[in-house]
There are 2 protein chains.
Amino acid sequence: MSKKNETWAEKVLGIIRQRDQPVSAYGVLEELRSESPKMAPTTVYRALKSLTEKGSVHRIESLNAYVACSDDGHHHPSIMSICGDCGSVDERDAPAVFSHLSSALGEAGFTADHHVIEVHGLCADCKETEDGI
Amino acid sequence: MSKKNETWAEKVLGIIRQRDQPVSAYGVLEELRSESPKMAPTTVYRALKSLTEKGSVHRIESLNAYVACSDDGHHHPSIMSICGDCGSVDERDAPAVFSHLSSALGEAGFTADHHVIEVHGLCADCKETEDGI
DNA sequence: CCTGATATGTTATGTTATAACGTAATGCAA
DNA sequence: TTGCATTACGTTATAACATAACATATCAGG
């Protein structure tokens, strides 16, 4: 039941939301190609650009991949925790982290405009499993 | 006066240290090729892998580039501030940031093992220049 | 009607990174 | 001193990620 008259950005957002793990641009492309075999990478990258600018999607720099925003278009920075075992990514709020970050940078005269905070490790479930072994 | 009997990793570290800006793997490769025209990317990536594992070099995920560690092999995480204007990257210590990060993640049961903290913005010098306009 | 903004199509290319295999030198332990 | 693991390096090929440059279409508002 895919909707007609959707923009590519809307379709891309749908694809990313359906997944519980980050998707690469080419992952999205492959999925779109099942319906539109001639799709070019450019199209996907354009859609991703508009979605990340709007805040509907976040890019995970350390994975070259994208996840849906957990709170579409929230306008505050967040932190991403990335499980190295199951691959899940969780977005969290952490105001205290950003306030300390701001003050550390502010003292040095640095003006922040975009934050990349990605923590790799093990999620609670995978940690349990490992410990259980 | 380049030394003989240096490993590639040592040479790569030298190249990265000479620069005051992040260098891409292919940037390093190009420089090495001026003396060793047949050098392959693999060689550079191998050197970068060993250097980042040792902590002599840090990878900037959001730039796909590398900088020398400001305190070779320190074994605590640091934050990187990246000037969008002049391209300079500064590494800083910020223990308070990491302690809040740990507690936020710890509450959720997440076990951290590697941190990517990269802040894009304007360094003090570039900010002044902009304001001066 | 014209014009600017946005979305899209198309082709080509640039950039970043790894796989998979082989060789050489070294150190160390049986 | 032979055998074996380890580390570094060479070589070829390919995979994965990303953008440039230029063309066409649609539509809202002046």
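In what follows, every chain begins at residue 1, and chains take the letters A, B, ... in the order their sequences are listed. Computed over heavy atoms, backbone and side chain alike; hydrogens, waters and symmetry mates excluded. Model, not experiment: these values are computed from the prediction.
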Chemist: From C-beta outward on B:T43, which listed nucleotide comes closest to its side chain: C:dT10, D:dT11, C:dT16?
Modeler: D:dT11

Chemist: Run the ring-ring contact (aromatic ring centres under 6.0 Å, His included) check on A:Y66 and A:H58 step by step: do they pass?
Modeler: CA-CA 6 Å; A:Y66 300 82; A:H58 302 300; over 10 Å; no

Chemist: Rounded to whole angstroms, how far apart are CG on B:L48 and P on D:dC9?
Modeler: 13 Å

Chemist: With sugar-phosphate meaning primed atoms plus P, OP1 and OP2, does B:T42 contact a base, only sugar-phosphate, or nothing at under 4.0 Å between heavy atoms?
Modeler: base

Chemist: Between atom CE in B:M39 and atom P in D:dA8, what is the gap in whole Å?
Modeler: 15 Å

Chemist: Should the heavy atoms of other residues, nucleotides or ligands under 6.0 Å from CD of B:Q21 be counted, would the total exceed 12?
Modeler: yes

Chemist: Check the geometry between B:Y26 and C:dT16 and answer yes if their rings are stacked (centres below 5.5 Å, planes below 30°), otherwise no.
Modeler: yes

Chemist: Parallel under 30°, tilted from 30 to 60°, perpendicular over 60°: which one fits the rings of B:H114 and A:H120?
Modeler: tilted

Chemist: Between P on C:dT10 and CG on A:L29, what's the gap in Å once rounded to a whole number?
Modeler: 14 Å

Chemist: Would you mind reading off the distance between B:R46 atom CZ and D:dT11 atom C1', rounded to a whole angstrom?
Modeler: 9 Å

Chemist: Give a yes/no on whether any side-chain N or O of A:Y45 is located under 4.0 angstrom from OP1 or OP2 of D:dA18.
Modeler: yes

Chemist: Of the options C:dT11, D:dA18, C:dT16, whose atoms approach the side-chain atoms of A:N64 most closely?
Modeler: D:dA18

Chemist: Could you give the distance from SG (A:C83) to CG (B:D113), rounded to the nearest 0.5 Å?
Modeler: 10.0 Å

Chemist: Write down the distance between CZ (A:R59) and C1' (D:dA16), rounded to a whole number of angstrom.
Modeler: 12 Å

Chemist: Rounding to an integer number of Å, can you tell me how far B:K49 NZ sits from D:dA8 P?
Modeler: 11 Å

Chemist: In whole Å, what is the span from the NZ atom of B:K54 to the P atom of D:dT7?
Modeler: 14 Å

Chemist: Figure out the CG/P separation between B:L51 and D:dT7, and round it to whole Å.
Modeler: 16 Å

